[in-house]
Participant: 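Mind having a look at this structure? Questions to follow.
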Amino acid sequence: MKISTADANHRWGEQLFRYLCMAAVLIPLLILGILVLDTFIDGLERLSWEFLSSFPSRIAMRAGFWPALVGSIYLIGLTALIAIPVGVGAAIYLNEYGEQHWFADFIEINIANLAGVPSVIYGLLGLELFVRASGMGRSLLAGALTLALLILPIVILASREALRSVPDSLRSASYGLGATKWQTIRQVVLPMALPGILTGTILSVSRAIGETAPLIVVGALSYMTFVPSGIHSEFTVMPIQIYDWVTRPQEEFLINAAAGIIVLLMTMLLLNALAIVLRNHYQNRFR
Amino acid sequence: MLTPSPQPSPRSSGKDRGLADLSGARASGWSERLIEVVLWTCGALSILVTLGILYVLAVQTFAFFSEVSILDYVGDTQWTPLFADSRFGVWPLVSGTMLTTTIAIAVALPFGLLAAIYLSEFATDRTRSIFKPMLEILAGVPTIVYGYFALATVTPVLQLFVPGLQGFNALSAGLVMGIMIIPMISSLSEDALSSLPDQLRESAYVLGINPVKTILFISLPAARSGIVAAVTLAISRAIGETMIVAVAAGQMANLTMDPRDSVQTMTAYIVQVSMGDVPTGTIEYRTIFVVGATLFAMTFTMNLIGQRFARKVRHQ
């Protein structure tokens with residue numbers, strides 16, 4: 001049989017379309033790659049131990065990242081301490097207690113909506129609720145509570161997913177052995193779901209590290225000459241320090257911003273790697 | 001794995017003695033109940049968050065409109081609340097937001113849709129498992145980093161090709177934002193395309209329709225609910241995006257549709273005021289809540305529409 005020219009044209013067109021679709025995946029990744037590489041090249045000249053361990057300065061060469069780095073670590077630790085217990089608790093309620101209950105359905109719709117609220121609006125909530133009404137001022141605690149509310153929906157959804165993957169037969173077996181509901185959850189369901197919960201929560205916490213807008217609104221400082229001394233202390237974080245440098249009129253501060261971005265991205269990469277390692281470790285243990 | 005139950009003798013308070021709950025009765029003591037209440041409170045907290053947002057926005061918005069007429073807010077075309085001659089027309093901020101959002105969607109829609117087609121129709125399982133998480137990285141990069149990209153790299157490059165492009169402009173902020181939201185469009189659209197029954201494609205092939213036409217004229221229209229959901233949710237995300245526009249689009253509340261100009265979005269205005277030191281209770285302070293309420297209303301509407309279409313996909 002002879003392939004007609006029309007057929008050959010179709011083949012050719014199909015190939016072309018296929019490559020076009022493939023390009024739609026590759027081009028954005030390529031652009032991101034180039035932008036990140038460009039930033040790394042710009043920032044590397046400023047990146048040094050001195051940059052990491054110095055305080056900000058009006059002279060770009062001397063300005064450092066130390067208060068922002070420490071502030072970010074404190075803030076994220078505190079945020080995780082608040083958001084993870086509440087988020088996992090809510091997920092346990094939804095998955096283990098709330099089956100078919102109208103209130104649980106209502107909470108779920110509500111969580112889906114909260115996940116779509118722009119982060120800057122959480123900043124407005126934090127500003128009125130924590131900074132003003134609760135009298136916390138522009139403190140680390142107010143910032144952490146705001147971020148905790150922001151990541152709560154993601155923590156709940158991720159934990160819920162992990163709990164859902166635990167087969168019901170295990171629960172029934174546990175009840176059969178005479179365990180109570182809470183004993184079953186604590187000793188059977190939670191250990192099984194732990195890898196999924198850990199991975200999900202670490203990923204949501206790592207997202208909080210990059211959050212800028214809500215913290216600007218609750219009033220994190222952009223020029224800190226000291227390291228936060230406690231949860232009631234004022235603070236700054238890496239993204240805000242980067243924002244401050246980006247918005248300065250002097251060009252040389254852009255290099256500082258690029259160096260800061262390297263540190264920020266590395267921290268996030270580290271956390272994501274940790275999530276993957278933990279997941280693999282536990283997955284192997286349970287198989 | 002199980003430790004013996006700390007509860008003493010079995011009490012048969014026989015509440016809900018179902019088959020799976022044979023022993024549950026023994027321990028339906030107050031501690032089990034307390035734990036349930038604590039967990040319930042964790043769940044209920046998320047509702048308090050929603051109420052908190054609504055309350056805070058509503059209180060400040062009402063306070064604002066007791067001083068400024070709502071007709072000025074939706075009727076005036078000047079937004080200068082921080083100037084001596086203050087004007088409160090929100091349109092410049094809304095138009096700035098719409099401009100950057102439109103540019104972002106114009107980038108993200110074709111890329112996201114074609115990427116979804118590639119992942120669902122052409123990619124092997126192996127390539128999909130590599131490319132899908134890589135695309136998700138685009139949405140995971142902090143927005144302040146994208147802001148830096150737009151200002152420090154994209155704008156200078158664009159200035160070589162686009163005459164009259166200002167240092168701060170809607171174009172590069174929108175383009176970069178578009179790259180960021182590609183995965184939002186691609187992942188939901190891919191789900192919708194993958195969930196189509198195989199018979200649909202097979203019947204098309206049997207009828208002699210070629211694969212490309214099958215995708216464009218049969219699969220895509222059939223997956224339209226998912227695609228509409230993806231686009232609406234992406235629009236909502238673009239409207240609420242803050243740092244890219246705050247860094248790269250500028251702080252000038254211009255009523256313009258020229259992408260080469262500097263514009264201020266609603267989100268960027270909130271950031272601008274927050275960076276300064278505006279005293280509580282002043283009209284300037286309240287403007288950020290009014291703008292926030294407007295922003296919330298817009299994103300909430302888009303989310304509702306998006307979720308409605310997304311549910312349709314799941315029911316199919």
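Quick caveat: nothing in here was measured; it's all calculated off a predicted structure.
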Participant: Which answer fits B:Leu216, side chain, backbone, both or neither, if we ask what part of it has an atom under 4.5 Å from a heavy atom of chain A?
Facilitator: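 Only the side chain of B:Leu216 comes within 4.5 Å of chain A.
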Participant: Using non-hydrogen atoms only, which part of A:Leu152 is less than 4.5 Å away from chain B: side chain, backbone, both, or neither?
Facilitator: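 Interface part for A:Leu152: side chain.
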Participant: Evaluate the ring planes of A:Phe253 and A:Trp245, with Trp represented by its six-membered ring, and classify them as parallel (under 30°), tilted (30 to 60°) or perpendicular (over 60°).
Facilitator: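 If you compare the ring of A:Phe253 with that of A:Trp245, the planes turn out parallel.
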Participant: Where does A:Ala133 contact chain B at under 4.5 Å (heavy atoms): side chain, backbone, both or neither?
Facilitator: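 Neither; nothing under 4.5 Å.
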Participant: Does B:Trp40 CH2 have over 12 foreign heavy atoms under 6.0 Å away?
Facilitator: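 At most 12 heavy atoms, drawn from other residues, nucleotides or ligands, come within 6.0 Å of this atom.
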Participant: Is the backbone of A:Val263 close enough, under 3.5 Å, to the side chain of A:Thr267 for a donor and an acceptor to pair up by distance?
Facilitator: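 A pair under 3.5 Å: yes.
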Participant: Quick one: what part of B:Ile47 sits under 4.5 Å from any heavy atom of chain A, side chain, backbone, both or neither?
Facilitator: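 The answer is both parts of B:Ile47.
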Participant: Under 4.5 Å from any heavy atom of chain A, what part of B:Glu241 do you find: side chain, backbone, both or neither?
Facilitator: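 Neither part.
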Participant: Chain A contacts: which residues in residues 296-304 of chain B have a non-hydrogen atom closer than 4.5 Å to it?
Facilitator: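 Those residues of residues 296-304 of chain B which have a heavy atom under 4.5 Å from chain A are B:Phe296, B:Thr299, B:Phe300, B:Asn303, B:Leu304.
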Participant: With a 3.5 Å distance limit and no angle check, can you tell me whether A:Glu211 reaches the backbone of A:Ala208 through a side-chain donor-acceptor pair?
Facilitator: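 No; zero donor-acceptor contacts below 3.5 Å.
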Participant: Could you give me the CA-CA distance, side-chain angles and deciding distance for B:Glu190 and B:Lys132, then say whether salt bridge (charged side-chain N to carboxylate O under 4.0 Å, His left out) is met?
Facilitator: CA-CA 10 Å; B:Glu190 191 216 327; B:Lys132 224 185 148 171; 3.3 Å; yes
Participant: Checking A:Asn110 side chain against B:Ser46 main chain: does a donor-acceptor pair fall under 3.5 Å?
Facilitator: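 Present.
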Participant: Between B:Ile182 and chain A, which part of the residue has a heavy atom less than 4.5 Å away: side chain, backbone, both or neither?
Facilitator: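 Just the side chain, heavy atoms under 4.5 Å.
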Participant: Between A:Ile216 and chain B, which part of the residue has a heavy atom less than 4.5 Å away: side chain, backbone, both or neither?
Facilitator: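 When you check distances to chain B, atoms from both the backbone and side chain of A:Ile216 fall under 4.5 Å.
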Participant: Check whether B:Ser236 reaches the backbone of B:Thr232 with its side chain - one donor and one acceptor, N or O, closer than 3.5 Å.
Facilitator: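 Not at all, since once roles are kept as given, no pair shorter than 3.5 Å links the two residues.
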Participant: Quick check: are there more than 12 heavy atoms from other residues, nucleotides or ligands sitting under 6.0 Å from OH of B:Tyr55?
Facilitator: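 For B:Tyr55, atom OH is not crowded (no more than 12 foreign heavy atoms under 6.0 Å).
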Participant: Can you tell me if A:Thr212 uses its side chain to pair, donor with acceptor, with the backbone of A:Pro239 under 3.5 Å?
Facilitator: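 No: the side chain of A:Thr212 does not pair with the backbone of A:Pro239.
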Participant: Considering only heavy atoms, which portion of B:Thr242 lies under 4.5 Å from any heavy atom of chain A: side chain, backbone, both, or neither?
Facilitator: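 It is the side chain, since no backbone atom gets that close.
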Participant: Which one wins on heavy-atom pair count under 4.5 Å against chain A: B:Gly178, B:Ala152, B:Pro211, B:Gly292?
Facilitator: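 Heavy-atom pairs under 4.5 Å are most numerous for B:Pro211.
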Participant: Using non-hydrogen atoms only, which part of A:Leu203 is less than 4.5 Å away from chain B: side chain, backbone, both, or neither?
Facilitator: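 Neither the backbone nor the side chain of A:Leu203 comes within 4.5 Å of chain B.
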Participant: For A:Tyr93 and A:Phe103, take the angle between the two ring planes, folded into 0 to 90°, and tell me which bin it lands in: parallel under 30, tilted 30 to 60, perpendicular over 60.
Facilitator: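 Rings of A:Tyr93 and A:Phe103: perpendicular, as their planes differ by over 60°.
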Participant: For each of B:Ser186, B:Gly140, B:Gly240, B:Ala115, tally heavy-atom pairs with chain A at distances under 4.5 Å, and name the one with the top tally.
Facilitator: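 Answer, by heavy-atom pair count under 4.5 Å with chain A: B:Ala115.
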Participant: Checking A:Ala115 against chain B: side chain, backbone, both or neither under 4.5 Å from a heavy atom?
Facilitator: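 The answer is neither part of A:Ala115.
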Participant: Against chain A, label B:Leu233 side chain, backbone, both or neither, depending on which of its atoms sit under 4.5 Å from a heavy atom there.
Facilitator: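 No part of B:Leu233 comes within 4.5 Å of chain A.
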Participant: Where on A:Val218 is there a heavy atom nearer than 4.5 Å to chain B: the side chain, the backbone, both, or neither?
Facilitator: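 For A:Val218, neither part sits under 4.5 Å from chain B.
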Participant: In terms of heavy-atom proximity below 4.5 Å to chain B, should A:Leu264 be classed as side chain, backbone, both, or neither?
Facilitator: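 Contact with chain B involves the side chain of A:Leu264 alone.
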Participant: Taking side chain as everything from C-beta outward and backbone as N, CA, C, O, which of these in A:Leu35 sits under 4.5 Å from a heavy atom of chain B? Side chain, backbone, both or neither.
Facilitator: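 Both backbone and side chain.
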Participant: Name the region of B:Tyr146, side chain, backbone, both or neither, that has any atom closer than 4.5 Å to a heavy atom of chain A.
Facilitator: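 The side chain, not the backbone.
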Participant: Against chain A, label B:Ile53 side chain, backbone, both or neither, depending on which of its atoms sit under 4.5 Å from a heavy atom there.
Facilitator: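 The answer is both parts of B:Ile53.
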Participant: With A:Arg138, which residues qualify under salt bridge (charged side-chain N to carboxylate O under 4.0 Å, His left out), at least two apart?
Facilitator: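 Salt bridge (charged side-chain N to carboxylate O under 4.0 Å, His left out) check on A:Arg138 returns B:Asp277.
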Participant: Please classify the contact of A:Met268 with chain B as side chain, backbone, both or neither, using a heavy-atom distance under 4.5 Å.
Facilitator: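 Looking at A:Met268, just its side chain touches chain B.
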Participant: Measuring heavy-atom distances to chain A, does B:Ile179 have an atom under 4.5 Å in its side chain, in its backbone, in both, or in neither?
Facilitator: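 Interface part for B:Ile179: side chain.
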Participant: So among A:Asn256, A:Val36, A:Thr39, A:Val246, which one has a side-chain contact (heavy atoms from CB on, under 4.5 Å) with A:Ile261?
Facilitator: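 Of all the options given, the one that passes is A:Thr39.
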Participant: Quick one: what part of A:Ile209 sits under 4.5 Å from any heavy atom of chain B, side chain, backbone, both or neither?
Facilitator: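 Contact with chain B involves no heavy atom of A:Ile209 at all.
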Participant: Which bit of B:Ala123 is near chain A, if near means a heavy-atom gap under 4.5 Å: side chain, backbone, both or neither?
Facilitator: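 Neither part, no heavy atoms under 4.5 Å.
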Participant: Quick check on B:Thr50 against chain A: is it the side chain, the backbone, both or neither that has a heavy atom closer than 4.5 Å?
Facilitator: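 Backbone plus side chain of B:Thr50, per the 4.5 Å heavy-atom cut-off to chain A.
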Participant: Sequence neighbours excluded, which residues qualify as salt bridge (charged side-chain N to carboxylate O under 4.0 Å, His left out) partners of A:Glu128?
Facilitator: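 A:Glu128 satisfies salt bridge (charged side-chain N to carboxylate O under 4.0 Å, His left out) with no other residue.
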Participant: Counting only heavy atoms closer than 4.5 Å, note whether A:Tyr97 contacts chain B via side chain, backbone, both or neither.
Facilitator: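 Answer is side chain: those atoms of A:Tyr97 sit under 4.5 Å from chain B.
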Participant: Donor-acceptor check, side chain of A:Lys181 to backbone of A:Glu96, threshold 3.5 angstrom: yes or no?
Facilitator: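 Yes, the answer is positive, given that a donor and an acceptor are paired below the 3.5 Å cut-off.
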Participant: Side chain, backbone, both or neither: which part of A:Asp42 has a heavy atom under 4.5 Å from chain B?
Facilitator: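 The answer is the side chain of A:Asp42.
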Participant: Is a side-chain N or O of B:Arg128 found less than 3.5 angstrom from the main chain of B:Leu119, in a donor-acceptor match?
Facilitator: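 Indeed, once roles are kept as given, a pair shorter than 3.5 Å links the two residues.
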Participant: Can you tell me which of B:Thr127, B:Ile144, B:Val56 forms the most heavy-atom pairs within a distance under 4.5 Å of chain A?
Facilitator: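 Result: the option with the highest number of such pairs is B:Ile144.
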Participant: Is A:Ile185 close to chain B through its backbone or its side chain, or both, or neither, when contacts mean heavy atoms under 4.5 Å?
Facilitator: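 It is neither, since no heavy atom gets under 4.5 Å.
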Participant: Measuring heavy-atom distances to chain B, does A:Arg207 have an atom under 4.5 Å in its side chain, in its backbone, in both, or in neither?
Facilitator: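 Neither part; nothing is under 4.5 Å.
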Participant: Would you mind checking which part of B:Met134 comes under 4.5 Å of any heavy atom in chain A, side chain (CB onward), backbone (N, CA, C, O), both or neither?
Facilitator: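 For B:Met134, the contact with chain A is made by backbone and side chain together.
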Participant: Heavy-atom distance under 4.5 Å to chain A: side chain of B:Ala293, backbone, both or neither?
Facilitator: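 When you check distances to chain A, no heavy atom of B:Ala293 falls under 4.5 Å.
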Participant: With a 4.5 angstrom heavy-atom cut-off, could you sort out which part of B:Tyr285 is near chain A: side chain, backbone, both or neither?
Facilitator: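 Contact with chain A involves the side chain of B:Tyr285 alone.
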Participant: Please list, chain by chain and in numerical order, all residues satisfying salt bridge (charged side-chain N to carboxylate O under 4.0 Å, His left out) with A:Arg132, sequence neighbours excluded.
Facilitator: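 With sequence neighbours excluded, A:Arg132 shows a salt bridge (charged side-chain N to carboxylate O under 4.0 Å, His left out) to no residue whatsoever.
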